[in-house]
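Below is one structure; the comments refer to it alone.
Just follow the structure's listing: the first ligand is 1, and inside any ligand the first atom is 1. Note that the structure is a prediction, hence the values are computed from the model and not measured. Numbers here are sequence positions counted from 1.
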Amino acid sequence: MGSGLDRVAICRRRCRFARVSSLPTASDSESPPLSLGVLVSGNGSNLQAILDATGRGELNARVQLVLSNKPEVRALARARAAGVPARCISHKDYPSREAFDAALVEALREARVEWVVLAGFMRLLTPVFLDAFPWRIVNIHPALLPAFPGVHAQRQALEYGVKLTGCTVHLVDTGTDTGPILGQRAVAVRAEDDEASLSARISKEEHRLLVDVLAAIARGSLTVEPGGAAARPRVALELP
Ligand code: GRF
């Protein structure tokens, strides 16, 4: 990821369709849909938001493949109900993280996936995976990063006593929830909140934010400009 070519490559692919509105337009429907692979581990409500938005024509994308590392999760059922190819590739069947990641990459490439969405995928990815989709992996996290990375972000927010939390969509890098931020939405914490009630309100915002970010990427609004040796890349994305 070390040269200015990265910015050029991402721009060239989509910039001619750049626009500000995320509502469907004639040009959006003429442009090729974003080819998505979605990685899940559980419920799949964010996957459902993507599927619903594509169905309504609000997101110019096609989910080519849904992969779960766990069998029989609700997310796989949601994908199949929408007529989307869906499979389990269990991490338990592979001797290393790298071997598991290589199997995921192979399946996604076979499905001609260009962009990967981590929608509640509970495995850390190695460079084997990251290098296969450079700056084309998006994650949704239930907190305002860099606050409360990792698991149980809503519980962490309640325990810390913050009055404002929310959700973040970011590009994935080698760290845990550390990649360049593409969008955030705030959610107020109420005095009576418990983990379930706070999670439910954050979840609603996640669904909107994730669709808005993907729609903006589909319109060609994202640029990624690599930084220097130790610097984070600069990203710019027009959101509604
Ligand atoms: C979401 O809270 C997301 O932010 C986190 O995992 C959860 C997945 O929820 N990474 P769902 O499976 O999409 O319902």
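For the salt bridge (charged side-chain N to carboxylate O under 4.0 Å, His left out) condition, no pair includes a residue of residues 74-86, sequence neighbours left out. Each salt bridge (charged side-chain N to carboxylate O under 4.0 Å, His left out) pair with one or both residues in residues 193-202, not counting sequence neighbours, appears once here: Arg155-Glu195, Asp193-Arg201.
Residues Leu182 and Ile140 are members of one and the same hydrophobic cluster, defined by side-chain heavy-atom contacts under 4.5 angstrom among Ile, Leu, Val, Met, Phe, Trp and Tyr.
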Fill in: Criterion salt bridge (Lys or Arg N to Asp or Glu O under 4.0 Å) on Glu205 and Arg208, from CA distance to verdict
CA-CA 5 Å; Glu205 286 304 319; Arg208 294 190 195 103; 2.7 Å; yes
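Of the listed residues (Leu144, Thr168, Ile202, Asp212), just one forms a side-chain contact (heavy atoms from CB on, under 4.5 Å) with Arg185, and that residue is Asp212.
Listed by chain and number, residues touching ligand 1 at under 4.0 Å (heavy atoms only) are Asn43, Gly44, Ser45, Asn46, Gly120, Ile140, His141, Pro142, Glu206.
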What side-chain donor-acceptor pairs closer than 3.5 Å can you find for residues 90-100, not counting sequence neighbours?
| unit_1 | atom_1 | unit_2 | atom_2 | d |
| --- | --- | --- | --- | --- |
| Ser90 | OG | Lys92 | N | 3.1 |
| His91 | ND1 | Asn69 | ND2 | 3.2 |
| Ser96 | OG | Ala99 | N | 3.0 |

